[in-house]
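Report on the following structure.
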Amino acid sequence: MKEFNLTGTKRAETGKKATRELRKKGAIPCVIYGQKKDAEGKIIATDFEVSFEAIRKLVYTPEIFLVNLDLDGEKCLAVMREIQFHPVKDNILHIDFYQVEPGQAIVMNVPVKFEGHAEGVRAGGILFTSVRYLAVKAPVEQIPEKLVVNVTPLAIGKTFKVGDLHFDGLELVTTPDALVCGVKGSRASKNAAN
């Protein structure tokens with residue numbers, strides 16, 4: 001997995017008013033959920049802010065990254081868990097991060113790349129894809145940048161489901177019955193068969 005360096009500043013003030021002021025100056029409010037827990041057993045979260053320019057290349061890409069996060073000199077590894085966008089303007093409202101440790105197993109959505117030329121497409125069929133990402137569980141260092149699915153053996157009317165796929169060292173968390181891709185017939189394929 002690729003790495004991304006990000007520097008943020010811890011926030012002293014939280015709440016709607018402080019968050020609004022933060023967004024006005026072009027910063028993005030963020031939270032990182034750590035590994036430590038308080039006396040009540042709740043995970044300790046740290047509020048911080050980053051500039052839009054610092055985080056733009058992390059957000060607007062189909063790739064996934066392990067984030068080297070520096071918060072006022074305190075460094076840790078993290079993964080981005082959730083981004084909230086404004087429903088109309090589509091600008092970033094908030095980002096959640098999750099702190100990880102080397103060797104820790106985590107669940108992440110990994111992009112799927114389809115390779116090959118399906119037999120059914122050669123016969124006039126049409127390849128369709130149903131997913132762009134699959135959820136996988138593995139130690140953070142073993143999570144790949146993408147999952148490659150070879151579609152060459154797919155004939156017309158055949159599909160791949162998550163349960164048909166296997167990747168070394170990864171556990172697929174997405175439901176096994178979920179459809180990944182397939183080849184459906186077209187008029188050209190039906191005419192060729194007649």
Could you please spell out the steps behind the side-chain contact (heavy atoms from CB on, under 4.5 Å) verdict for Asp96 and Tyr33? CA-CA 8 Å; Asp96 287 346; Tyr33 296 95; 3.9 Å; yes
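- Looking at Cys181 and Val131, their side chains never come closer than 4.5 Å, going by heavy atoms from C-beta outward.
- Counted by atom type alone, Glu3 and Asn68 present one or more donor-acceptor pairs between their side chains at under 3.5 Å.
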side-chain contact (heavy atoms from CB on, under 4.5 Å) for Ile28 and Arg23? Distances and angles first, verdict last. CA-CA 6 Å; Ile28 299 169; Arg23 290 187 188 119; over 6 Å; no
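- In this structure, Arg11 forms no cation-pi arrangement with Phe48, as its terminal cationic atom is not both closer than 6.0 Å to the ring centre and no more than 45° off the ring axis.
- Thr174 contributes no side-chain N or O that, together with a main-chain N or O of Leu134, makes up a donor-acceptor pair within less than 3.5 Å.
- Ser51 and Arg56 share no donor-acceptor pair across their side chains, judged by distance under 3.5 Å alone.
- Both Ile43 and Val140 belong to a single network of hydrophobic side chains, linked directly or stepwise wherever heavy atoms of I, L, V, M, F, W or Y lie under 4.5 Å apart.
- Within the 4.5 Å cutoff, the side chain of Pro153 has heavy atoms near those of the Phe160 side chain.
- Summarising the geometry, atom CZ belonging to Arg81 is positioned 11.5 Å from atom CD1 belonging to Ile32; distances are rounded to the nearest 0.5 Å.
- Under the 4.5 Å side-chain heavy-atom criterion for grouping Ile, Leu, Val, Met, Phe, Trp and Tyr, Leu154 is not connected to Ile126 through any hydrophobic cluster.
- Looking at heavy atoms from C-beta onward, Ile143 lies out of side-chain contact with Leu66 at the 4.5 angstrom threshold.
- The shortest side-chain heavy-atom distance between Val79 and Met108 falls under the 4.5 Å cut-off.
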CA sep, side-chain torsions, deciding dist, call: Val136, Val173, side-chain contact (heavy atoms from CB on, under 4.5 Å): CA-CA 5 Å; Val136 301; Val173 180; 5.7 Å; no
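- Contact check for Lys161 versus Pro176: no side-chain heavy atoms found under the 4.5 Å cut-off.
- Lys25 pairs by the salt bridge (charged side-chain N to carboxylate O under 4.0 Å, His left out) definition with Glu49, not counting sequence neighbours.
- Checked against Phe97 for a side-chain contact (heavy atoms from CB on, under 4.5 Å), the options Leu6, Leu77, Val31 give a single hit: Leu6.
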Derivation of the side-chain contact (heavy atoms from CB on, under 4.5 Å) call for Ile92 and Ile83: CA-CA 7 Å; Ile92 301 169; Ile83 306 172; 4.0 Å; yes
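- Linking ILVMFWY residues whenever their side-chain heavy atoms come closer than 4.5 Å, directly or via other members, places Val183 and Val151 in the same cluster.
- A 4.5 Å side-chain heavy-atom check between Val162 and Thr175 finds every atom pair outside the cut-off.
- Follow the hydrophobic side-chain contacts under 4.5 Å out from Phe85 and you never reach Tyr133; the two are in separate clusters.
- Val180 and Ile156 end up in the same hydrophobic cluster when Ile, Leu, Val, Met, Phe, Trp and Tyr side chains are linked at under 4.5 Å.
- For the pair Thr19 (side chain) and Gly15 (backbone), a donor-acceptor distance under 3.5 Å is present.
- For the pair Pro111/Arg132, no side-chain contact is recorded, criterion being any heavy-atom separation below 4.5 Å from C-beta on.
- Inter-residue side-chain proximity for Thr129 and Phe114 is flagged as met; some heavy-atom pair is nearer than 4.5 Å.
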